[in-house]
Structures are given as structure tokens and as C-alpha cells.
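Both backbone and side-chain heavy atoms feed into the values below; hydrogens, waters and symmetry mates do not. Both ligands and their constituent atoms are indexed starting at 1 by order of listing.
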Amino acid sequence: MSARGPSLTERGAVLEERGPGLVHVTLSINGAEHSLEIEPRVSLLDALREHAHLTGAKKGCDQGTCGACTVWVDGRRVLSCLTLAMTCEGREITTIEGLAEGDELHAMQRAFIAEDAFQCGYCTPGQIMSAVALLEEGHAGDDAEIKEWMSGNICRCAAYPHIRAAVRAVRDQT
Ligand code: FES
Ligand code: FES
């Protein structure tokens, strides 16, 4: 084991084999436990979408350049297409589906609607997950900062001015 904890190989070795090439992984997603049998190479994005049937996180590029797949792991934003699902065991995963409180949308979700911050909506779950994290990271001081710290989230519909307006609206409420 390295100073950074068990290696992927060591983690894989302790996971129960369930069939040729499959491992059993329990993921905590939005406060609920999901027991999955997946290949070790499966990304968190595919585990969410294809195995846990949570399709809020979107697959845009599948190579870490668009941000459509942004979710939180232990409260920090990650690109789920570049994250191996099995490395997330024992950690708390939050997706766009976990942001609302019952029927009550998160303030950022309401602001995106109020500010018309989307067109096709494909990038929107990732934008919102990034935007909420951005505020918690303290990186929304001005438009330049918002632009910089949201730069990993691409919007092909170019809704950027409206997205920044939504971030400002929530920032100014708090
Ligand atoms: Fe993950 Fe594009 S799908 S960054
Ligand atoms: Fe269409 Fe952003 S709203 S890609």
C-alpha cells in the first residue's frame, strides 16, 4: 500500500468477484446505497447512467473536456467520465438528482430557470453542479472569476452570460 492508500489493484483484490471480469461495488449516491456489479474499468459516469440508472449526469465528450458529466465526490466536483467507479467506494457521490430537497429545487436550479440559463439543456446538469461548487469554493467574486472557474463546463448553445447571471443571483442571495 502506498502513502495515498490502497492501489487500484489492492482494492480490486478485496472486492468480491461476481463473474468473469466483474466486481461488486457499493456506491453511496445521493444518500442511497447502490450495489453494482461492474467491470473494474467502468467509469463513474457509466456506473451512474448505465448501472444505477441515474441519467442526470450527461456524456458529452467522454474524455474530460466538456464538463457535462460533472458530479461531486465527497463534496468536490469531479469529471465522472475520468473517474473509475470502483475508486468511489466509501465516498459520498452527489449528482444533479440529489440537489433538490423533495419537490423544492435548489436555489441554483431555480436561478437557472429564472435567468434562462440554458437552451438545449444538455450541459445544464454539469453546469449546475459546477456552479454550486463554485460558490462553496469561494470562486464567484466577479464575472472574470466565475468565467475562469466554470471554464471546464462547455455550453455549445453559448448560454454563458445567462449562466453567469444565475451564479451571480445565487451569490447575491447569500
Ligand atoms: Fe466528461 Fe465530457 S463527458 S468531460
Ligand atoms: Fe445547450 Fe448548454 S444549453 S449545450
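- Residue Cys66: an N/O/S atom is found under 2.8 Å from atom 2 (Fe) of ligand 1.
- Taking all atoms of both residues into account, the shortest heavy-atom contact from Trp72 to Leu99 is CH2-CD1, 3.6 Å.
- Contact atoms of ligand 2 toward Gly121: 1 (Fe), 3 (S) (distance under 4.0 Å to a heavy atom of the residue).
- When distances to atom 2 (Fe) of ligand 1 are checked against a cut-off of 2.8 Å, Cys61 contributes an N, O or S atom below that limit.
- Judged by distance alone, the side chain of Asn153 and the main-chain N or O of Gly67 form a donor-acceptor pair under 3.5 Å.
- Every atom of ligand 2 with a heavy atom of Cys123 under 4.0 Å away is listed here by number and element: 2 (Fe), 3 (S), 4 (S).
- Contact annotation: for Ala159 versus ligand 2, there are no heavy atoms closer than 4.0 Å.
- Listed by number with element, the atoms of ligand 2 under 4.0 angstrom from any heavy atom of Arg156 are 4 (S).
- Atom 1 (Fe) of ligand 2 has an N, O or S atom of Cys157 under 2.8 Å away, backbone or side chain.
- In summary, the atoms of ligand 1 found under 4.0 Å from a heavy atom of Gly64, numbered by their order in the structure, are 4 (S).
- Ion pair Arg76/Glu136 not flagged as a salt bridge, since none of the NZ, NE, NH1 or NH2 atoms sits closer than 4.0 Å to an Asp/Glu carboxylate oxygen.
- Nearest heavy-atom pair across Gly60 and Cys66 is CA-SG, 3.7 Å.
- Considering Asp62, Leu79, Leu82 as possible partners of Cys69, the one that fulfils the side-chain contact (heavy atoms from CB on, under 4.5 Å) test is Leu79.
- Less than 4.0 angstrom separates some heavy atom of Asp62 from each of these atoms of ligand 1: 2 (Fe), 3 (S).
- Distances from atom 1 (Fe) of ligand 2 show that Cys155 has no N/O/S atom below 2.8 Å.
- Residue Gln119 approaches ligand 2 through these ligand atoms, each under 4.0 Å from one of its heavy atoms: 3 (S).
- Side-chain atoms of Arg77 and Thr70 include no donor-acceptor pair closer than 3.5 Å.
- Taking a cut-off of under 4.0 Å to the non-hydrogen atoms of Cys69, the atoms of ligand 1 that pass are 1 (Fe), 3 (S), 4 (S).
- Looking at Thr65 against ligand 1, only its backbone comes within 4.0 Å, counting heavy atoms.
- Across Ile146 and Arg171, no two heavy atoms sit closer than the pair CD1-NH1, 4.4 Å.
- Residue-ligand proximity, Gly60 to ligand 1, at heavy-atom distances under 4.0 Å covers atoms 3 (S).
- The shortest non-hydrogen separation linking Thr95 to Met129 is C-CE, 3.7 Å.
- Checked by atom type and distance alone, the side chain of Gln109 never pairs as donor or acceptor with a backbone atom of Ile128 at under 3.5 Å.
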